[in-house]
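Since the structure comes first, as structure tokens, the remarks are kept for the end.
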Amino acid sequence: MNVLGIDITLLILVAVIVLVILAGVKTVPQGFNYTVERFGKYRTTLRPGLNLIIPFLDRIGHRLNMMEQVLDVPAQEVITRDNATITADGVTFFQIVDAPRAAYEVLGLQNAILNLTMTNIRSVMGSMDLDELLSNRDLINSQLLRVVDAAAEPWGVKVTRIEIKDINPPADLVEAMGRQMKAEREKRAAILEAEGDRQAEINKAEGVKQSLILEAEGRQQAAFRDAEARERLAEAEAKATELVSKAIAEGDMGAVNYFVATKYVEAFAELAKSPNQKTVMIPMEASSLIGSLTGIAEISKEVFTEQAQQRRRGGSVPQTGAGGDQ
């Protein structure tokens with residue numbers, strides 16, 4: 001009987017020892033930290049893995065999730081700086097970086113972060129106009145993140161991101177904004193159309209200007225060429241007159257007759273080319289024209305005869321002009 005009692009006592013002692021050992025062994029999963037309290041006071045933090053504590057003296061205080069967590073921010077009304085009422089909601093991402101402070105510096109960590117975020121949404125968005133809110137969402141997110149992260153730092157929390165999901169103005173305000181946008185687009189379209197018409201008129205005027213300039217330059221060049229032609233003609237007439245004068249001085253009447261006959265023929269040709277002239281009246285002095293032509297023929301005959309004789313003699317042929325030998 002005593003042996004049986006000893007065996008039972010030994011089994012109970014072994015069971016107590018096993019229970020004590022199991023009470024002192026704590027396994028912490030990955031991504032969590034456990035705080036250890038001794039007689040209600042924080043003593044240490046258990047990291048992921050197998051940990052030992054003193055049974056009956058130490059106990060687990062808080063089991064804290066050290067992974068990044070997501071907190072939905074419910075929709076709330078915000079009055080902007082220009083007195084427009086909108087509804088905005090968002091989402092907050094945070095992570096506990098210091099387990100003891102997150103466990104003992106604040107009561108209800110998630111609720112505290114939520115209220116802190118909602119308060120600062122009203123503060124930041126209320127300091128902006130409606131147009132700024134709709135076009136500067138990234139600026140709003142960055143300002144909220146900076147303010148909320150600084151406020152949550154004493155709690156051992158790192159706020160990694162705050163995003164505004166929706167900004168919903170009232171229906172009548174949306175309609176008014178639509179009309180305003182339409183008016184602005186029509187205004188820009190009218191301005192662009194006016195600018196296009198103005199540029200087209202400028203281009204057209206530039207084209208006319210260049211055309212007039214080129215036309216004037218063309219007339220100038222033509223006038224210059226006409227003046228040169230008249231100058232050359234005048235020089236030729238002067239030269240011919242000089243040669244005729246020289247022939248008269250030397251007594252060469254054949255050359256004089258040639259010059260007079262040439263001018264007579266030219267005048268008679270101009271008279272015949274008149275567009276209004278149906279009948280050509282030949283003057284009685286036409287016999288003088290025939291005589292002049294006869295004189296020209298005699299001069300040519302003499303010149304050609306002299307040139308032929310010189311070729312037979314092997315001499316050079318002198319060059320003759322309207323005014324005689326050169």
Side-chain angles (χ1 to χ4, degrees), residues 29-35 37 40 42 45 60-188:
Q30 185 67 39
F32 285 82
N33 280 357
Y34 292 174
T35 61
E37 299 174 355
Y42 169 76
T45 301
I60 301 299
H62 295 82
R63 293 174 170 83
L64 300 173
N65 187 349
M66 305 300 290
M67 295 179 287
E68 188 172 6
Q69 303 177 58
V70 181
L71 187 62
D72 284 329
V73 180
Q76 59 178 329
E77 289 187 351
V78 179
I79 300 177
T80 63
R81 187 170 57 186
D82 53 352
N83 296 324
T85 303
I86 64 171
T87 302
D89 60 357
V91 61
T92 301
F93 298 82
F94 70 95
Q95 184 177 14
I96 297 174
V97 294
D98 191 337
R101 287 195 295 172
Y104 302 108
E105 294 293 336
V106 61
L107 181 63
L109 178 62
Q110 290 191 358
N111 187 50
I113 295 175
L114 177 61
N115 284 278
L116 183 63
T117 304
M118 294 177 65
T119 302
N120 283 278
I121 285 177
R122 289 194 296 269
S123 176
V124 172
M125 299 181 69
S127 63
M128 297 182 177
D129 294 333
L130 180 60
D131 292 340
E132 293 177 339
L133 291 181
L134 298 176
S135 59
N136 296 321
R137 187 169 297 191
D138 291 339
L139 177 62
I140 298 173
N141 295 336
S142 62
Q143 290 184 359
L144 284 173
L145 178 61
R146 183 175 63 253
V147 174
V148 176
D149 183 49
E153 192 273 335
W155 303 336
V157 175
K158 174 65 177 178
V159 180
T160 58
R161 186 182 303 172
I162 297 179
E163 296 286 344
I164 298 297
K165 292 193 296 184
D166 293 318
I167 300 176
N168 300 316
D172 55 346
L173 188 57
V174 173
E175 183 180 355
M177 292 173 61
R179 292 196 301 268
Q180 179 183 2
M181 181 181 64
K182 181 179 179 181
E184 287 291 335
R185 290 177 181 270
E186 291 177 350
K187 175 184 175 182
R188 289 198 296 267

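Tyr42 pairs by the ring pair (Phe, Tyr, Trp, His ring centres under 6.0 Å) definition with Tyr104, not counting sequence neighbours.
What you find for Ala152 and Leu116 is that their closest heavy atoms are N-CD2, 4.2 Å. Across all their heavy atoms, Leu114 and Val73 have their closest contact at CD1-CA, 3.9 Å. For Leu64 against Ala99, the heavy-atom pair with the smallest separation is CD1-O, 3.0 Å. Closest approach of Ile164 and Leu144 over heavy atoms only: CD1-CD1, 3.7 Å. Of all heavy-atom pairs between Asn65 and Gly31, the closest is OD1-O, 3.4 Å. Scanning both residues, Leu109 and Ala102, for their nearest heavy atoms gives CD2-CB, 4.2 Å.
Atom CZ of Arg188 has more than 12 heavy atoms from other residues, nucleotides or ligands within 6.0 Å. For Ile60, the CD1 atom is densely surrounded, since the number of other residues' heavy atoms within 6.0 Å is greater than 12.
Looking at heavy atoms from C-beta onward, Met125 lies out of side-chain contact with Gln143 at the 4.5 angstrom threshold.
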Notebook entry, point to check: Going through the checks in order, is the side-chain contact (heavy atoms from CB on, under 4.5 Å) test met by Thr80 and Met128?
Noted result: CA-CA 6 Å; Thr80 63; Met128 297 182 177; over 6 Å; no
Working for side-chain contact (heavy atoms from CB on, under 4.5 Å), residues Arg101 and Glu153 | CA-CA 10 Å; Arg101 287 195 295 172; Glu153 192 273 335; 3.8 Å; yes
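Using modelled atom types, no side-chain atom of Ser123 and backbone atom of Thr119 make a donor-acceptor pair closer than 3.5 Å. Of the possible polar contacts, none joining the Asn141 side chain to the Arg161 backbone as a donor-acceptor pair under 3.5 Å is found. Side-chain atoms of Asp149 come within 3.5 Å of backbone atoms of Val159 as a donor-acceptor pair (strictly under, hydrogens ignored). Using a distance-only test at 3.5 Å, with no hydrogens or angles considered, no donor-acceptor pair links the side chain of Thr35 to the main chain of Pro100.
Here CG of Asn136 is found 10.0 Å from CG of Asp131. Values are rounded to the nearest 0.5 Å. Note that the CG atom of Leu130 and the CG atom of Asn83 stand 11.5 Å from one another [nearest 0.5 Å]. The CD atom of Gln76 sits 9.5 Å away from the CD1 atom of Ile86 when rounded to the nearest 0.5 Å. Taking CD1 of Ile140 as the reference point, atom CD of Glu163 lies at 11.0 Å (rounded to 0.5 Å). Considering OG1 of Thr117 and CG of Leu145, their distance stands at 10.0 Å, rounded to 0.5 Å.
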Could you list the donor-acceptor pairs under 3.5 angstrom formed by side chains in residues 89-96, with sequence neighbours left out?
| residue | atom | partner | partner atom | Å |
| --- | --- | --- | --- | --- |
| Asp89 | OD1 | Asp166 | N | 3.0 |
| Gln95 | NE2 | Met66 | O | 3.1 |

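The stretch residues 66-82 participates, sequence neighbours left out, in these salt bridge (Lys or Arg N to Asp or Glu O under 4.0 Å) pairs: Arg81-Asp129, Arg81-Glu132.
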